[in-house]
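Worksheet for the structure shown next.
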Amino acid sequence: MSGVNAVKNSEPRANCLHYMVTGGALGYAAKHLIPVTEHDKRAFGVDEFAKAQKPLMALEKQDFIDKVQKLSEEKPGNKAYATFLEMIAQKKHRVKDYFTAEEFKQLPKSERVALRQLCSEYAEHSRGLIDGVKNLYINTIKGNRSNMVFIGLGIIGGAVTACAWNALRDNGQRLRREAAKMDLDCTI
């Protein structure tokens with residue numbers, strides 16, 4: 001047995017299972033962090049989602065209009081509410097779409113301020129609804145992505161990383177041993 005060397009396994013090596021689990025977790029996180037692509041949008045169906053959300057958005061907008069209607073009934077002297085409801089009935093959501101500049105200047109200042117405030121609140125409410133639907137759409141698409149693809153790729157990446165780390169570590173240790181032998185040979 002003089003020519004056989006025993007394999008030493010006491011040196012710490014990268015645990016492949018640890019890297020694979022970490023890779024799988026990173027793959028799952030990547031599923032939610034990677035932005036939505038056009039392919040994802042086509043696969044999910046943008047049109048169906050938009051059609052499903054339109055009635056809900058219309059209900060939310062109608063709730064806002066109903067609140068203004070109640071305020072108009074409670075305060076009949078405030079013409080801003082009545083004017084706003086008239087604008088919405090004609091599908092004109094901005095002051096400049098409903099009034100000319102001269103007509104708007106002829107309104108009392110308190111009514112102008114109240115009307116602008118109502119229009120900006122309605123616009124902000126609408127923007128909030130649209131942003132909410134966009135976020136819901138993106139999160140729904142990301143949720144529908146295949147878990148196994150992302151986790152599988154993460155596991156494979158972790159295994160490759162562990163193998164590469166072990167190979168580089170073994171190669172580095174071999175080079176250090178050879179360098180140490182050279183130094184010993186040179187000093188003798």
Side-chain angles (χ1 to χ4, degrees), residues 19-158:
Y19 276 81
M20 289 170 70
V21 168
T22 304
L26 289 174
Y28 184 75
K31 170 186 169 180
H32 295 286
L33 295 176
I34 293 175
V36 174
T37 62
E38 288 300 318
H39 173 71
D40 292 331
K41 289 178 183 177
R42 282 192 305 272
F44 183 68
V46 178
D47 297 332
E48 292 84 18
F49 189 83
K51 285 178 188 174
Q53 296 303 317
K54 275 187 179 184
L56 297 173
M57 289 180 64
L59 282 175
E60 285 292 324
K61 287 180 180 181
Q62 189 59 44
D63 284 346
F64 183 85
I65 293 168
D66 289 344
K67 287 178 186 175
V68 173
Q69 180 71 37
K70 284 181 184 176
L71 287 171
S72 174
E73 291 169 1
E74 289 173 6
K75 301 176 184 175
N78 191 341
K79 292 193 175 208
Y81 296 127
T83 307
F84 176 76
L85 293 171
E86 202 175 294
M87 287 172 55
I88 295 298
Q90 294 183 14
K91 306 243 186 260
K92 297 185 178 178
H93 304 252
R94 297 183 305 184
V95 172
K96 68 180 184 178
D97 294 340
Y98 188 73
F99 291 106
T100 63
E102 289 298 319
E103 291 174 336
F104 191 67
K105 286 181 184 177
Q106 291 175 0
L107 295 175
K109 185 174 183 178
S110 61
E111 191 175 335
R112 285 186 301 206
V113 170
L115 194 56
R116 279 196 175 148
Q117 184 178 0
L118 280 171
C119 289
S120 66
E121 286 176 14
Y122 184 76
E124 192 170 315
H125 184 73
S126 297
R127 272 193 300 274
L129 289 173
I130 290 169
D131 290 344
V133 167
K134 282 181 184 177
N135 289 336
L136 177 66
Y137 175 71
I138 288 171
N139 290 332
T140 303
I141 289 177
K142 287 181 179 183
N144 282 345
R145 289 176 175 171
S146 172
N147 288 337
M148 295 312 297
V149 170
F150 285 92
I151 293 172
L153 289 174
I155 289 171
I156 291 169

Could I get the full list of ring-ring contact (aromatic ring centres under 6.0 Å, His included) partners for Phe64, not counting sequence neighbours? Tyr122, His125
What's the spacing between [X] [atom1] and [Y] [atom2] if we round to 0.5 Å?
{"X": "Asp66", "Y": "Lys70", "atom1": "CG", "atom2": "NZ", "value": "7.0 Å"}
{"X": "Leu115", "Y": "Ser120", "atom1": "CG", "atom2": "OG", "value": "10.0 Å"}
{"X": "Met148", "Y": "Ile155", "atom1": "CE", "atom2": "CD1", "value": "6.5 Å"}
{"X": "Gln69", "Y": "Gln62", "atom1": "CD", "atom2": "CD", "value": "9.5 Å"}
{"X": "Glu60", "Y": "Ser126", "atom1": "CD", "atom2": "OG", "value": "10.5 Å"}
{"X": "Met20", "Y": "Ile151", "atom1": "CE", "atom2": "CD1", "value": "12.5 Å"}

Check step by step if side chain to side chain contact (heavy atoms under 4.5 Å, CB included) holds for Val133 and Lys54. CA-CA 10 Å; Val133 167; Lys54 275 187 179 184; over 6 Å; no
Go through the structure and list residues passing salt bridge (Lys or Arg N to Asp or Glu O under 4.0 Å) with Glu73, not counting sequence neighbours. none
Heavy-atom check, side chain of Lys142 versus side chain of Ile138, under 4.5 Å: yes
Side-chain contact test, heavy atoms from C-beta onward, threshold under 4.5 Å: evaluate it for Arg145 versus Val36 and give yes or no. yes
Counterpart residues, side-chain contact (heavy atoms from CB on, under 4.5 Å), relative to Asp131 (two or more places apart): none
